[in-house]
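The structure under discussion appears below in the form of structure tokens.
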Number of protein chains: 2
Amino acid sequence: MTRSPLARPRVTITDVARAAAVSRQTVSNAVNNPHRLSPETLERVLATIGDLGYRPQAAAQSLRHQRTGAIGVELGTLGPRRLNETTAPLLAALGVVGAPHDFHVVPFGSSSDEPMIDGYENMWRTRLVDSFIIMDTHHGDPRPQWLEAHGIPFVSFGRVWDDPGFTRWVDVDGAAGTQAATEHLLAGGYRRVGFLGWPEGSLVGDDRWLGWERTVPESHRGPSARVSQNLRAAWTAATELIGRLEPGDALVCASDILALGVHHALLAAGRQVGAEIGLIGFDGSPIAEIHDLSTIAHPIHQAAEALLTLLRGELDAAPPPAQGRLLAPHLVARASTSGPGNTHR
Amino acid sequence: MTRSPLARPRVTITDVARAAAVSRQTVSNAVNNPHRLSPETLERVLATIGDLGYRPQAAAQSLRHQRTGAIGVELGTLGPRRLNETTAPLLAALGVVGAPHDFHVVPFGSSSDEPMIDGYENMWRTRLVDSFIIMDTHHGDPRPQWLEAHGIPFVSFGRVWDDPGFTRWVDVDGAAGTQAATEHLLAGGYRRVGFLGWPEGSLVGDDRWLGWERTVPESHRGPSARVSQNLRAAWTAATELIGRLEPGDALVCASDILALGVHHALLAAGRQVGAEIGLIGFDGSPIAEIHDLSTIAHPIHQAAEALLTLLRGELDAAPPPAQGRLLAPHLVARASTSGPGNTHR
DNA sequence: GGGGTTGTTTTGATCGATCTAATGGCTACT
DNA sequence: AGTAGCCATTAGATCGATCAAAACAACCCC
């Protein structure tokens with residue numbers, strides 16, 4: 001029944017103090033204010049810390065500092081809001097990027113459509129977390145206002161559309177993404193570049209449309225259409241659209257799902273993806289990877305860094321930034337944009 | 001600069017005690033041992049708790065109890081082990097199911113392929129978590145042994161293949177899944193049912209193959225093939241396979257990716273999915289949903305419950321169960337198994 | 001030698017909750 | 001009346017870390 005030193009009994013600051021024949025405070029200083037100790041003492045204490053494998057306990061620090069370093073992130077599991085493709089990777093990135101700064105993530109769920117503020121309130125009141133990152137904000141979203149009203153620190157991944165004065169957000173520059181996609185296709189030798197996007201009126205959708213529209217020269221403009229985010233709709237629209245596409249033309253799509261619809265329509269029409277018709281999606285989803293479709297991927301890692309920086313400012317009561325932060329997504333080139341005439345592998 | 005009661009200053013047990021004119025301990029008892037109080041006192045204290053909106057602080061409880069209720073879950077972000085389709089939903093389910101039992105999840109990442117034990121050691125030594133759920137165990141996985149050796153509480157989602165004596169796992173019954181798929185197809189009127197799976201030798205793959213093999217009668221057995229988990233391979237194999245399929249036949253696939261490959265091959269061959277050839281995948285992934293493919297979905301919610309139950313036993317030093325727990329997945333019927341001759345929608 | 005500095009180390013209090021043991025009030029039994 | 005027993009309540013200590021302030025040592029200056 002012997003247990004290794006990692007297990008019980010835990011190593012506390014008192015153990016280290018005793019072993020090094022100093023006071024608890026001196027051990028604490030060795031860790032947090034090394035300059036206060038004489039070189040000899042410092043060395044001895046640090047050696048003892050190493051020997052015993054001491055690490056400060058998070059719970060004790062949290063209590064003392066009144067800060068846990070835990071960031072609440074809501075995962076909409078059931079109900080209308082699904083776990084989307086971007087959420088999970090962002091969560092992972094936040095975990096990795098946050099660790100060195102003593103931040104960690106605590107996902108929590110809202111099991112139903114109930115006033116989901118409940119989840120936030122629980123996490124906050126028990127101080128299981130001391131800040132939040134909200135995502136997928138939409139018009140009429142009650143969360144920003146509620147959090148603000150209660151003085152709860154939070155930042156947003158995605159602009160807060162309802163409140164233009166709110167600047168503690170990080171978002172992906174959709175227009176820059178479709179612009180890069182368009183340039184990539186033109187540079188790759190495709191003659192005309194068209195666009196398949198979502199119906200006008202969605203802020204994200206319009207943004208992505210804009211990037212294409214402002215980039216493609218009149219002389220190289222291919223046909224375009226706007227349909228809803230759904231495979232069947234995309235397929236149907238694409239079937240009509242590709243009737244107007246000539247070999248050497250290409251399509252920029254507002255999402256990987258739309259691109260997939262086009263992919264299927266091309267397949268069914270017996271036309272070749274990439275060599276005959278260029279095709280690129282948006283979102284960097286696994287779906288695009290599986291189908292060997294080029295796509296515009298979100299800068300997840302950068303977003304995580306930026307969000308944490310913002311959050312740290314917020315927790316230290318620093319003034320909010322002058323404006324939100326737009327990050328450029330990056331291009332992932334695959335077979336579907338290998339260039340006209342190029343038969344890929 | 002007024003702040004709402006939810007924000008600073010926090011409501012502590014002392015505040016409640018003062019307001020209700022009792023001692024701190026009495027407030028604590030009102031919450032944890034109500035039977036110890038006289039009815040009048042209890043009522044008064046609870047009313048005060050309600051008025052002030054008191055909730056015990058997690059950090060203080062953690063320190064006192066030497067238990068945080070936090071469960072570490074590793075998210076393999078980069079490196080070889082990817083964030084798979086099941087991980088994210090399970091994480092969400094654990095969050096929801098765990099909350100009422102004062103459990104919460106803390107995802108942490110291994111940013112590289114380094115000895116990833118590091119991540120576990122960090123989380124454990126600082127007692128940021130006091131247990132782990134490991135997933136995606138594989139042959140030669142160092143984690144179970146390491147955790148065991150250090151006396152760290154953990155349970156596994158997925159059998160621990162290396163150690164048959166280890167019983168603190170929950171897994172999905174693959175054979176039951178493919179059996180249900182096969183029965184569904186036969187009951188739906190498909191004449192012959194074939195199988196497309198992974199090469200022999202993978203434990204999960206063989207399990208899924210078995211469910212089909214033991215269920216389909218000799219007289220209704222369709223052609224089968226075994227290929228690697230990858231769209232292109234599936235597509236190629238399926239192209240060959242469907243040459244041997246007659247209208248009214250169906251295929252059970254070991255994964256949604258494989259089913260997708262078949263779907264594409266059918267599409268390219270101009271054959272109709274569902275009405276002509278039945279098709280069902282495995283894993284309940286979004287990919288299947290998007291393509292309107294029937295699939296066998298993992299019982300994520302049940303798995304989360306079972307894992308938490310196991311974990312609670314482990315934390316309370318209860319003896320391990322006699323054996324691991326196999327959960328039956330459930331069938332999600334969509335257009336791809338609508339029955340021979342039935343044109344769906 | 002008293003007083004002032006600087007530098008290192010320690011003491012005591014604190015964060016918020018809960019455990020243990022003690023206290024005071026009341027009834028009941030001898 | 002004395003005391004044993006029970007119930008409701010409270011005082012004090014504890015979990016592990018850190019802050020603020022005190023103590024102590026060594027040195028310099030007038």
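All figures in this text were calculated on a predicted structure; none of them were measured in a lab.
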Going by side chain to side chain contact (heavy atoms under 4.5 Å, CB included), name the residues that satisfy it together with A:S28, two or more places apart in sequence or in a different chain. A:I13, A:Q25, A:N32
Tell me every residue that passes side chain to side chain contact (heavy atoms under 4.5 Å, CB included) with A:P142, counting only those two or more places apart in sequence or in another chain. A:M116
Can you tell me which residue among A:D141, A:D171, A:D136 is in a salt bridge (charged side-chain N to carboxylate O under 4.0 Å, His left out) with A:R159? A:D171
What contact category does A:T26 fall into here, base, sugar-phosphate, or nothing, at under 4.0 angstrom with non-hydrogen atoms? base
Pick out the pairs of N or O atoms, protein on one side and nucleotides 16-22 of chain D on the other, that lie under 3.5 Å.
| unit_1 | atom_1 | unit_2 | atom_2 | d |
| --- | --- | --- | --- | --- |
| D:dG16 | N2 | A:A60 | O | 3.4 |
| D:dA17 | OP1 | A:Y54 | OH | 3.1 |
| D:dA17 | OP1 | A:Q57 | N | 3.1 |
| D:dA17 | OP2 | A:I13 | N | 2.3 |
| D:dA17 | O5' | A:Y54 | OH | 3.3 |
| D:dT18 | OP1 | A:N32 | ND2 | 3.1 |
| D:dT18 | OP1 | A:Q61 | NE2 | 3.0 |
| D:dT18 | OP2 | A:S28 | OG | 2.9 |
| D:dT18 | OP2 | A:N32 | ND2 | 3.3 |
| D:dT18 | O2 | A:R64 | NH1 | 2.4 |
| D:dT18 | O4 | A:R24 | NH2 | 3.4 |
| D:dC19 | N4 | A:Q25 | OE1 | 2.2 |

Respond yes when some side-chain nitrogen or oxygen of B:S38 is under 4.0 Å from OP1 or OP2 of D:dT9, and no when none is. yes
Of the residues in residues 39-50 of chain A, which ones touch DNA chain D at a heavy-atom distance under 4.0 Å? none
Counterpart residues, ring pair (Phe, Tyr, Trp, His ring centres under 6.0 Å), relative to B:F103 (two or more places apart): none
Kindly assign one of parallel, tilted or perpendicular to the pair A:W124 and A:F132, based on the angle between their ring planes and the thresholds 30° and 60°. tilted
At how many degrees, to 10°, do the end axes of the helix from C:dG1-D:dC30 to C:dT30-D:dA1 meet when each uses five pairs? 80°
Is there a donor-acceptor contact under 3.5 Å from the side chain of [X] to the main chain of [Y]?
| X | Y | result |
| --- | --- | --- |
| B:T41 | B:L37 | no |
| B:T126 | B:N122 | yes |
| B:D163 | B:V160 | no |
| A:D162 | A:G140 | yes |

Does a salt bridge link A:D316 with A:R67, judged by any charged N lying under 4.0 Å from a carboxylate O? yes
